[in-house]
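Below, chain A is the first sequence line, B the second, and so on; all start at residue 1.
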There are 2 protein chains.
Amino acid sequence: MSRSDEHEQEFLAAYDPRAFPPFAVTVDVVLLTVREGRLCVLLVERDTHPFRGGLALPGGFVQADEDLDTAAVERLENETGVRRDVAHVEQLGAFGDPHRDPRMRVVSVAYLVFAPDLPAPRPGSRVRSVQWVPVEDVDAARLAFDHDAVLAAGVERARAKLEYSPVATAFCGEEFTVAELRHVYEAVWGVPLDPRNFHRKTTGTPGFLVPVGSPAPVGPGGGRPAALYRRGSAALLHPAMLRPQRED
Amino acid sequence: MSRSDEHEQEFLAAYDPRAFPPFAVTVDVVLLTVREGRLCVLLVERDTHPFRGGLALPGGFVQADEDLDTAAVERLENETGVRRDVAHVEQLGAFGDPHRDPRMRVVSVAYLVFAPDLPAPRPGSRVRSVQWVPVEDVDAARLAFDHDAVLAAGVERARAKLEYSPVATAFCGEEFTVAELRHVYEAVWGVPLDPRNFHRKTTGTPGFLVPVGSPAPVGPGGGRPAALYRRGSAALLHPAMLRPQRED
DNA sequence: CGAATAGTGTCTCTCAGACAATATTGC
DNA sequence: GCAATATTGTCTGAGAGACACTATTCG
C-alpha cells in the first residue's frame, strides 16, 4: 500500500481492519533519585525472555481502557512503592523502533520520575532483583530493548529541567536544607557548585523556596544548623539556575 | 486482571494474546510556519467520519514496519510537500487518552515541525481543504480528536525552544536577514522586540549566525540593504535569547 | 534632502562567579 | 578555642534593555 494513500486508509479504517496495523503499547519509567551524592536510576533484572538476565526499566503493557499517564503512575506505585504525591512525573516521549522488541511491534511511552531517596523495593514476581544503579555505572550494552536510549534521554531531560524549573525539589523530602538541594544539583549535573553563590541564588529566586522557620538538626560533623525550606509556588525559575559552561 | 500482575503479563505475553491489548498508533504533525507576521499551523478539513467537517492536524496510521520518525517525515513530505531537509522535525510526545478517537483505542505520537513559508498544498483525497491558520485564530472547539491539546503543546514547545536553540532559523529560508529572523521571534512569542538589541544579541551569540557576504535586496520601502546570514553550527545558544518577562 | 531600514555605541541595572568575612553549632 | 557547616557581603565582569546615533539605500 502506498504511503500517499494513508488518508484514505484512515477513512476506510472503520471498515477495513488491514488499515489498522496492530501495536502493543507499553509504558517504561525512568525513575531517578539521588543516593549518597550520586544520580541513580531504578532498574529491574529480567528473569524471562526476552533479555533474560538483562537489566531493564520498570514498565509494562497499557491496558485497553487505561490512560497513558495513569498507566505510568500505576506502574510507579505498584512496582516501586513511590507514591505519586511525593514524586514529579512527566512524559519523556515515545520510542517505537519497529524492532525494539523482538516479540512484536511495540511502542513504548517513556515517563520520567523524580523521587526522594527511598529504600529499594522488593522484586515483583518473575523479576530477579530491583536495584538502584548510579547512572554513571550503568552498562548501556546490558540494558534490555532500547532502554539505553530511553535512559539517556531521561538523564538529559533531567539535567536541562533543573535549570529552568524547580523540580530539583522533588528529589528532596517535604522539607529540606539548601545544602540538600545543592547536592541534588551537583549529583544530576555532575559538577561541584559554590555553596555560597548557590545559597544566594536559590533563596533569592522568587517562588523557588519558602522558609519553614524551624532549623534542621545538626549533621554528624557539627556545624551551624541549616534552615529548612519547602518548595515554593513558582512553576518556572526567574532567573534560571544556569549550568556551568563546559570549556572545550 | 489486577494491575500488580503486569510483569507477569509481560512474561506470559508471548503465549497469551490477551496480555497485549490491541492499539492503533498514528502520527500527527503540528506544522508551524510564519506567514505575514503571524504564527500559522497547517490544518486539514475532514470530509469523513469521525469529526466530518472539523479541522484536524495532518497525520495518519503508522504502518507495521515503519519507524515513528519515518512515519512523521513521510506524512510531512507526502501530505504537505515540505521536504525534510528544509524543516526542523522533533517529536512532541504521545497522546493516548482512551477515548480520544471514538472508533477504537488509538495512541497518537505527535511531531512538531518548523518550516519556512510555503504555498498551501492542495488537498489530498477525501479531505475538503488544506489551509494555513494563524494559531491565534484557531477555534480549539472545532478541532478534531484532542488536537487542541496537541496544538497547544506544540506552540508552547516552540515558544520555549526559540529561547535556547537556534531552531528559529528553520522558519526562514536558507539565507535570511536579521530582520526576518526577528519577525520569526516576534510572531512566535507574540511580542515586539527591539531591532537594535536583537541584532546585537543574535550576531554576537557564537555559532548562531554565519554571515554570507552578499547583501539582501532592498525592500519595497527602501532603506539600507540588510546583510544575509545562514544558520551557524551551534546546537544550543549561549547566551540564550530570553523572552521578555510578563508583568502580571 | 527626507524617509526608511540597517547597524553601532553607550549607559544602567541585574546577575553570575570568585572569594572574604561572619554566624552558629559540636567537641 | 578549633573544626565544620551555614549564611551574608563585596567585588568584577558579562549581558539585557533603553535609546542616541551613524550608515546606506530609494525617491
Exercise. Return the value, rounded to whole Å, for the distance between atom CZ of B:Phe198 and atom P of C:dT8.
Key: 14 Å
With the criterion being N/O to N/O and under 3.5 Å, what pairs connect the protein with nucleotides 6-12 of chain D, and how long is each?
| residue | atom | partner | partner atom | Å |
| --- | --- | --- | --- | --- |
| D:dT7 | OP1 | A:Ala227 | N | 2.8 |
| D:dT7 | OP2 | A:His199 | NE2 | 3.2 |
| D:dT7 | O5' | A:His199 | NE2 | 3.3 |

Quiz prompt | Salt bridge present between A:Arg38 and A:Glu136 (N-O < 4.0 angstrom) | solution = no
Quiz item: What's the CD-P distance between A:Gln245 and C:dG17, to the nearest Å?
Solution: 8 Å
Quiz prompt | Aromatic centroids of A:Tyr229 and A:Phe176 separated by under 6.0 Å | solution = no
Quiz item: Does the distance from a Lys or Arg side-chain N to an Asp or Glu carboxylate O, for A:Glu90 and A:Arg157, drop under 4.0 Å?
Solution: yes
Quiz prompt | Residue met sooner reading DNA chain C from 5', once A:Gly221 and A:Lys201 are mapped to nucleotides | solution = A:Lys201
Quiz item: Looking across every strand, which nucleic acid part, if any, lies under 4.0 Å from A:Ala216 by heavy atom: base, sugar-phosphate, or nothing?
Solution: nothing
Quiz prompt | Nearest-angstrom distance from the residue atom CG of B:Leu242 to C1' of D:dA14 | solution = 13 Å
Quiz prompt | Atom-to-atom span, NE2 of A:His238 to C1' of D:dG17 - whole angstrom | solution = 16 Å
Quiz item: Atom CG of B:Asp194 and atom P of C:dT5: how far apart are they, to the nearest Å?
Solution: 15 Å
Quiz prompt | Note: A:Asp28-A:Arg75 ion pair, threshold 4.0 Å (strictly below) | solution = no
Quiz prompt | Value in whole Å for how far the P atom of D:dG15 lies from CG of B:Leu237 | solution = 13 Å
Quiz prompt | Of B:Pro239 and B:Val218, the one whose closest DNA chain D nucleotide lies more 5' | solution = B:Pro239
Practice problem: List the steps, then state whether side chain to side chain contact (heavy atoms under 4.5 Å, CB included) holds for A:Phe114 with A:Leu32. | Solution: CA-CA 5 Å; A:Phe114 303 153; A:Leu32 299 178; 4.0 Å; yes
Quiz item: How many Å lie between NE2 on B:His183 and P on C:dA6, as a whole number?
Solution: 7 Å
Quiz prompt | Ion pair A:Glu77/A:Arg84, N-O distance below 4.0 Å | solution = yes
